[in-house]
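What follows is a single structure, written as structure tokens, with notes after it.
One-based numbering, in listed order, for ligands and for the atoms of each. Values below: all heavy atoms of this structure, side chains included; hydrogens, waters and symmetry mates excluded. The shown structure was predicted, so the numbers you read here are calculated from the model rather than taken from an experiment.
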Amino acid sequence: MKTLTITRPDDWHLHVRNGAILKTVMPHTARQFARAVIMPNLKPPVTTVAQALAYRDEILQAIPAGMDFTPLMTLYLTGSTTAVEVKKAAESRHVHAFKLYPAGATTNSDSGVADIHAVYPLLAVMESHDMPLLVHGEVADDACDIFDRERVFIESQLSAIHENFPGLRIVVEHLTTAEAVQFVQSASAKVAATITPQHLLFNRNALLAGGLRPHHYCLPILKREHHRLALVAAATGGNPKFFLGTDSAPHQTSLKENACGCAGCYSAHAALELYAEAFERAGALDRLEGFASFHGADFYRLPRSTGTVTLVKSAWQVPLVYGDDGVAITPLKAGEALAWKML
Ligand code: NCD
Ligand code: ZN
């Protein structure tokens, strides 16, 4: 049987929520990954080091005994974030970055930043403390077509942030367009990016294949095929600026299959299998380890993880739903067969 063994990977963009959902999703991630960057868009958002440490404890309690997993915490940047908090975060061993959500751009982003210039002084503090800024790169503008929002954000805001703060490490999260790939490639070594499994596997047709497909709805939204091809080329090209970030974003099935379904794909149940499928299709399975296990750790200046995981080419069927006790989460590729399976 065909097998693939790689250094235990890390997930550099993950949502795990809190409360009941956390207990359902955490074992999936802890099984596959050594570490994950935990996104702070809870209700209310995680804005202080004290909140991040409390959230970290809650996450650690949801990890099954015997599993070795380290959550890497982030803080949600708001108009009220202070320079003192940025310094505290930089001094904390457990907080690794700030997350910038343009207000209104995605799930739980109401507390996000409405005017990017208002937080420029804080970006200067992050730059001076070498604190990375993780960016949801979309304008939240009704007048801007939803398929153009990433490109317009890069042109109108991100380029200026990079120019004004050349020492600031930036991760452009969940790339979806050829223009974003181009921006990251041509920017300095301070700029890197994560790429999700859904954006490598699907183009925007998957949203409307035979009907409305709410489980393929995430933000930034799936784009045209030529964008998907640019993302596959970036992920499999060996460039250390690109690394794994699932953006696995659990929502109750009832909130996805809804007249106003919420944004986010759940992929933690089979993250590596999904990436393996995309890399194999591109004839680049040998590049999966760099993307999944090395590039992100190097960018975040953390030691590469130790240990290995093994995938086998052995088909299995994804369950229709995960969860119990009132939790029901429909995973990506629910009910479908996956070619790879993690042992
Ligand atoms: C994420 C979520 O549900 O928290 N949703 C999504 O569509 N990706 C938020 C985000 O990363 O934009
Ligand atoms: Zn996300």
_Angle between ring planes, His28 versus Tyr322, binned at 30° and 60°: parallel, tilted or perpendicular?_
perpendicular
*How far apart are the C-alpha atoms of Glu138 and His136, what are their side-chain angles, what is the distance that settles it, and do they pass the side chain to side chain donor-acceptor pair (under 3.5 Å) test?*
CA-CA 6 Å; Glu138 286 193 290; His136 184 110; 2.8 Å; yes
*Qualifying side chain to side chain donor-acceptor pair (under 3.5 Å) pairs, either residue in residues 207-216, two or more places apart*: His215-Glu257
*With a 4.0 angstrom cut-off on heavy atoms, strictly below it, pick out the residues next to ligand 1 and order them by chain and number.*
His13, His15, Arg17, Asn41, Thr106, Thr107, His136, His174, Cys218, Leu219, Asp247, Ala249, His251, Ala263, Gly264
_Working for side-chain contact (heavy atoms from CB on, under 4.5 Å), residues Val135 and Val171_ = CA-CA 6 Å; Val135 180; Val171 183; over 6 Å; no
*Any side-chain donor-acceptor pair under 3.5 Å between His13 and His15?*
yes
_Run the side-chain contact (heavy atoms from CB on, under 4.5 Å) test on Asp247 and Thr194 for me, step by step, so that the C-alpha distance in whole Å, both residues' side-chain angles and the decisive distance to 0.1 Å come before the verdict._
CA-CA 9 Å; Asp247 194 19; Thr194 55; over 6 Å; no
_Presence of salt bridge, Glu280 and Lys2, under 4.0 angstrom_ = yes
*From the options Thr236, Val232, Leu201, select the one residue that forms a side chain to side chain contact (heavy atoms under 4.5 Å, CB included) with Arg281.*
Leu201
*Contacts of Lys341 that satisfy side chain to side chain donor-acceptor pair (under 3.5 Å) - sequence neighbours left out*: none
*Protein N/O/S atoms under 2.8 Å of the Zn ion (ligand 2)?*
His13 NE2, His15 NE2, Asp247 OD1
